[in-house]
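Remember, it's 1-based here, ligands and their atoms both numbered in the order they're listed.
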Amino acid sequence: MKRPILYHPDARLKKTCAPVVDITDSIRQLTNDMLETMYAAPGVGLAAPQIGVLSRLIVMDCKKNEVTEAKPFVMLNPEVTASSDQTNIYEEGCLSIPEHFAEVTRPKEVEVSWLDINGDFQKQGFDGLTATCVQHEIDHLNGKLFIDYIGVIKRQVITRKMQKFKRDLVRKKDVI
Ligand code: ZN
């Protein structure tokens with residue numbers, strides 16, 4: 001089931017999320033819902049707080065396009081365990097801040113550990129866009145958004161525009 005995505009500014013996007021302690025049916029359902037929501041958006045990553053669930057859970061798939069098959073990562077309690085000194089700059093966006101983009105500098109390579117949906121420990125290195133994506137999603141679990149990396153003025157401009165966007169959404173719903 002597709003779930004509604006929360007838009008910035010929202011207090012739930014600023015919270016530190018709690019670790020997943022047990023892989024229950026509801027966690028499995030939640031990850032399926034997150035994948036469906038991410039692919040439908042469409043987006044390359046989604047963190048649980050973006051659908052209002054304050055658990056340390058992310059999904060991502062930076063490779064999918066018209067020709068390649070979906071090959072998603074589902075990560076429970078993901079953690080960056082090492083990062084390169086060398087950095088990369090990507091223009092980032094976020095499903096919670098639609099139509100706004102900004103260049104963010106992050107480590108070029110990271111090593112991440114997590115539990116998969118079967119509860120098995122995984123550890124893998126990521127590079128390029130996938131490295132940026134996994135860092136962006138893990139940030140969500142710590143209440144951090146990509147706009148927290150940019151200058152205060154630009155951040156305020158985006159936040160004001162998002163406040164207006166949300167007001168307009170509410171108005172549209174009233175009309176319908
Ligand atoms: Zn995001």
Side-chain angles (χ1 to χ4, degrees), residues 1-20 27 30-65 70-80 83 87-110 112-114 117 124 126-152 154-166 168-169:
M1 188 184 69
K2 228 175 85 181
R3 308 253 197 133
I5 295 173
L6 301 183
Y7 294 125
H8 167 73
D10 186 301
R12 288 166 288 181
L13 294 172
K14 303 301 290 176
K15 296 269 197 273
T16 299
C17 297
V20 176
I27 290 285
L30 175 64
T31 59
N32 288 336
D33 288 354
M34 285 171 65
L35 284 168
E36 196 179 332
T37 305
M38 176 187 80
Y39 285 126
V44 293
L46 188 72
Q50 292 182 277
I51 56 166
V53 178
L54 300 182
S55 292
R56 304 190 77 82
L57 181 54
I58 65 172
V59 296
M60 66 168 192
D61 188 348
C62 297
K63 297 267 159 69
K64 190 181 183 305
N65 58 36
K71 198 173 163 264
F73 284 96
V74 173
M75 298 181 173
L76 282 57
N77 304 336
E79 238 177 278
V80 174
S83 46
T87 54
N88 242 347
I89 300 175
Y90 273 106
E91 184 158 77
E92 294 189 26
C94 181
L95 293 176
S96 294
I97 315 174
E99 289 171 39
H100 294 283
F101 303 92
E103 287 189 338
V104 177
T105 304
R106 297 185 188 268
K108 185 177 175 288
E109 290 168 57
V110 286
V112 177
S113 71
W114 71 94
I117 197 63
Q124 192 178 319
F126 295 98
D127 193 1
L129 176 64
T130 318
T132 285
C133 185
V134 74
Q135 291 174 80
H136 174 123
E137 300 310 331
I138 291 173
D139 272 354
H140 274 298
L141 306 180
N142 298 315
K144 196 162 184 179
L145 301 171
F146 80 90
I147 54 171
D148 293 325
Y149 291 90
I150 65 179
V152 63
K154 192 167 182 200
R155 183 164 65 241
Q156 282 171 352
V157 168
I158 290 178
T159 299
R160 264 187 232 117
K161 285 184 177 163
M162 283 301 302
Q163 281 164 335
K164 182 178 181 308
F165 170 80
K166 288 178 75 174
D168 290 348
L169 271 187

(request) Give the minimum heavy-atom separation between Leu57 and Leu141, together with the two atoms involved. (result) N-CD2, 3.7 Å

(request) Sort by chain and number the protein N/O/S atoms that are closer than 2.8 Å to the Zn ion (ligand 1), and list them. (result) Cys94 SG, His136 NE2, His140 NE2

(message) Are the side chains of Thr31 and Leu35 in contact, using a 4.5 Å heavy-atom criterion?
(response) no

(message) What I'd like to find out is whether the side chain of Arg160 reaches to under 4.5 Å of the side chain of Gln163, using heavy atoms alone.
(response) yes

Determine all donor-acceptor pairs shorter than 3.5 Å in which one atom belongs to a side chain in residues 99-107; sequence neighbours excluded.
from: Arg106; atom 1: NE; to: Glu92; atom 2: OE2; distance (Å): 2.7
from: Arg106; atom 1: NH1; to: Asp139; atom 2: OD2; distance (Å): 3.0
from: Arg106; atom 1: NH1; to: Tyr149; atom 2: OH; distance (Å): 3.3
from: Arg106; atom 1: NH2; to: Glu92; atom 2: OE1; distance (Å): 3.0

(message) For a 4.5 angstrom cut-off between non-hydrogen side-chain atoms, does His136 reach Tyr90?
(response) no

(request) Could you tell me whether the side chain of Val74 reaches within less than 4.5 Å of the side chain of Met34, counting heavy atoms only? (result) no

